[in-house]
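In what follows, a single structure is set out as structure tokens and then discussed.
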Amino acid sequence: MPAITLPDGSVRVFDGPVTGTTVAASIGPGLAKAALAMEVDGQLQDLSREIESDARLRFVTRKDEQALELIRHDCAHVLAEAVQALFPGTQVTIGPAIENGFYYDFHRNEPFTPEDFPAIEAKMREIIARNAGFERVVTTRHEAMALFEEKGEKYKVELIRDLPRGETITLYRQGEWVDLCRGPHMRGTGDIGDAFKLMKVAGAYWRGDHRNAMLSRIYGTAWRDRKELDAYLHQLEEAERRDHRKIGKEMGLFHLQEEAVGSVFWHPKGWRLYRTVEGYMRRRLDEADYQEVKTPQLLDRRLWEASGHWEKFRESMFIATVEDESEKDRVLALKPMNCPCHVQIFNQGIRSYRELPLRMAEFGACHRYEPSGALHGIMRVRAFTQDDAHIFCEEHQIAAETVRFVELLSSIYRDLGFDSFRVKFSDRPAKRAGDDATWDRAEGALKQACETAGVDYVLNPGEGAFYGPKLEFVLRDAIGRDWQCGTLQVDFVLPERLDAEYVAEDGSRKRPVMLHRAILGSFERFLGILIEQHAGRFPLWLAPVQVVVATIVDDAAPFAREAAAALQKAGLSVSLDLRNEKINRKVVDHIDQRVPVLAVVGRREAEERSLVLRRLPGREQETVPLAQAVARLAEEAAAPDLRVATA
RNA sequence: GCCGACAUAGCUCAGCGGUAGAGCAACUGAUUCGUAAUCAGUAGGUCCCCGGUUCAAAUCCGGGUGUCGGCACCA
């Protein structure tokens, strides 16, 4: 006699086991029509499942966010059926719902192309129109394997073989087509609706392992209605406009070319942006008691052997040798990181516990031979500059240093326009240095520090550095891709390997703990994200060209020059537009160039010694006497850390 | 690195076996203009590289390089 408690608190009692469909019908025809699935004691299930004992029940309708995942998952099944109908011999593998949509991985000798999409989508619509019910079939491992074996579905057979013993094996049937699936699903293919679209084809390794076969993946997006779909597609277009590679070109910030794959050519405006951020970072680090250093680019392999990098990362290091006969045995490597260098500085002389925590910072240029497929604009490059620092400290100082670091990072991110970010905690990887006891201590210390700092993190198992666990501070780019920017890594291994030590209070020699940390991560990556975050329309203090002084007539040129000089003297980045063009044209050009402030000078202004200020791309304008304009803009253009606090 | 697509003027792109095109930018001249594109003219290209097919290749084929979308990688 199951008693079903509904979200409004009402209870319905049934004589025996009852399906969600029946319960919905007993409540009313409207709900019976709208219910797509149900949540039984918090667990999402098919509507057709029987409820045998007392339970809390909630129906999922199209209005629920949860419907999205069901629609996407169902859509993946329909895609697979459509593909197998159109391309016989194609094997199915897996097809989950993901953020914004779904994908399905197929094995087929011929890859799919986007030209196949119209036919596949048409077939999908056909299947959806047929509205076959999703039928859940509980089966045995043996039967399931026999079924897929017979169909020639090698990948499914492998999946079933690897399912944990004792797990219920279920199939879902939609008409004639059947897939191995845990469910749940909606009532039938008709519940999917028509708000879906196939987006792209891609290669993907079977089970995400590069040693396995390359499968052919089809990505799709699916929504609850056309309006949502259109909004999503529109949002994608908007995101493309923010792409740092596009904006970088449009604003003339940087370029990349074949002769220096993975290295950035910074143009004057891009470099100014870089320097603004670098200058800001330098001040923040000085203020936070870091000591800046500069260390060599090229170092003998001996150092990398001692640090352990030679053994683990040699294939991703750039190696340099010279022709000179007497030097022929010397192998140098471009530094892929700064840590061993910083230990060399730490190791000069004898350190005392009184010097700890010692925070050593460097804007360190590093080179890594990244896999060609990993390169991405200026976000993933082979030559980059880290805002690196190493904190040499005692074990008991880890927590306090972590708290300090998180506060510094949060404040800097906020100043740069990032109010939120995600934190991942990555623990010991399979390929690692150091014994388990050391790892236990390192992970424990970092976890405890997170608690003290009040950091909410997501566990990222097995993703730590080879020498220690790490926190990753993740920012999202315009296209929705996540990038690790900031990081904090606890390291007990490198000080040991490179023999760093200090004299403790009791006179004994001890190993310091090393905290590797970066806030921006690399300037290249961070600037890429910064460009996308602001869509190239930077706040005044970051803008590479802050003010353009534009003339209306040639007679205004002398005063325009004078005004530009005055603004420049006040520390602003100014450019003069004396071109023989109409003011309308100049306005358009500087909006395109994403200049934040346009100062227009005509005959009137030249006489009155004033500027007409206009915030681009806005339309409002204001006439301001030159001296006042200079003072006002200079104040506004001050970096956040240099601003005079006003009540 | 793997799967797929793409590579033509500074930029955005058209041309897809028969002597290389457009718009914008650039340059020259005219115009001196009051806030979202003034007019006219000029110049600009080993059609990514190497090889092949062909009477003829930007175009077709093979190899390379780079870029893009994913996957894998990310000390």
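Here is the naming used below: chain letters follow the sequence lines, and residue numbers restart at 1 for every chain.
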Just checking [X]: base, sugar-phosphate only, or nothing, at a heavy-atom cut-off of under 4.0 Å?
X        : result
A/Lys246 : nothing
A/Tyr219 : sugar-phosphate
A/Tyr467 : sugar-phosphate
A/Gln257 : nothing
A/Arg217 : sugar-phosphate
A/Pro111 : sugar-phosphate
A/Ser216 : nothing
A/Glu115 : nothing
A/Ala204 : sugar-phosphate
A/Gly208 : sugar-phosphate
A/Arg481 : sugar-phosphate
A/Lys312 : nothing
A/Ala465 : sugar-phosphate
A/His376 : sugar-phosphate

Identify which nucleotide among [options] has an atom closest to any side-chain atom of [X], counting heavy atoms from C-beta outward.
X        : options             : result
A/Ile552 : B/C33, B/A75, B/G1  : B/C33
A/Pro336 : B/A75, B/C68, B/A36 : B/A75
A/Val612 : B/U32, B/U35, B/G69 : B/U35
A/Arg603 : B/U32, B/U67, B/U38 : B/U32
A/Arg245 : B/U35, B/A72, B/G69 : B/G69
A/His210 : B/A72, B/G34, B/C74 : B/A72
A/Asp554 : B/C74, B/A75, B/U32 : B/U32
A/Asn584 : B/G69, B/A36, B/U65 : B/A36
A/Val587 : B/U35, B/G66, B/C33 : B/U35
A/Arg585 : B/A72, B/C24, B/G70 : B/C24

[N], OP1 or OP2 - any side-chain N/O from [X] closer than 4.0 Å?
X        : N     : answer
A/Arg368 : B/C73 : no
A/Arg604 : B/G34 : no
A/Lys582 : B/A36 : no
A/Tyr369 : B/C74 : no
A/Lys249 : B/U12 : yes
A/Ser372 : B/G1  : yes

Requested in this report: Determine which pairs satisfy salt bridge (charged side-chain N to carboxylate O under 4.0 Å, His left out) with at least one residue from residues 479-492 of chain A, sequence neighbours left out, and list them in order.
Outcome: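 For residues 479-492 of chain A, and leaving out neighbouring residues, the salt bridge (charged side-chain N to carboxylate O under 4.0 Å, His left out) pairs sorted by first residue read A/Arg422-A/Asp482, A/Arg476-A/Asp482, A/Asp477-A/Arg481.
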
Report task. Would you mind listing every salt bridge (charged side-chain N to carboxylate O under 4.0 Å, His left out) that reaches into residues 203-215 of chain A, with sequence neighbours excluded? Result ->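 Salt bridge (charged side-chain N to carboxylate O under 4.0 Å, His left out) check on residues 203-215 of chain A returns A/Glu158-A/Arg207, A/Asp162-A/Arg207, A/Asp209-A/Arg211.
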
Requested in this report: For A/Thr295 and A/Glu362, test the side chains for any donor-to-acceptor distance below 3.5 angstrom and give the result as yes or no.
Outcome: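 Looking only at side-chain atoms, A/Glu362 and A/Thr295 do form a donor-acceptor pair, the distance falling under 3.5 Å.
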
Query - A/Gln84 and A/Glu153: side chain donor to acceptor below 3.5 Å - result: yes

**Report entry** Closest-nucleotide 5' rank along RNA chain B - winner of A/Gly602 and A/Gly377
**Finding:** A/Gly602

Requested in this report: For A/Asp555 and for A/Pro114, locate the closest nucleotide of RNA chain B by heavy-atom distance; then report the residue assigned to the nucleotide nearer the 5' terminus.
Outcome: A/Pro114

Query raised in the report: Would you say the ring centroid of A/Tyr104 lies under 6.0 angstrom from that of A/Phe106?
Result: yes

Report task. Compute the centroid of each ring, for A/His390 and then for A/Phe346, and state whether the two points are separated by less than 6.0 Å. Result ->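 Not under 6.0 Å, so no.
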
Requested in this report: Let me know which of A/Phe102, A/Tyr103, A/Phe196, A/Phe117 forms a ring-ring contact (aromatic ring centres under 6.0 Å, His included) with A/Tyr219.
Outcome: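 One option only clears the test, and that one is A/Tyr103.
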
Requested in this report: Indicate, yes or no, whether a donor-acceptor pair under 3.5 Å links the base of B/C73 to the side chain of A/Arg380.
Outcome: yes

Requested in this report: Using only heavy-atom distances, decide whether a donor-acceptor pair under 3.5 angstrom links the side-chain of A/Glu315 to the base of B/G1.
Outcome: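 Flag unset: no donor-acceptor pair detected.
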
Query raised in the report: Does the distance from a Lys or Arg side-chain N to an Asp or Glu carboxylate O, for A/Glu238 and A/Arg241, drop under 4.0 Å?
Result: yes

Report task. Go through RNA chain B and write down every stem, that is, every run of at least three consecutive Watson-Crick or G-U wobble pairs with distances under 3.5 Å, as range with range. Result -> B:1-7 with B:65-71, B:10-13 with B:21-24, B:26-30 with B:38-42, B:48-52 with B:60-64

Query raised in the report: Hey, are the side chains of A/Val92 and A/Tyr155 touching, using non-hydrogen atoms and a 4.5 Å cut-off?
Result: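 A side-chain contact under 4.5 Å is absent here.
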
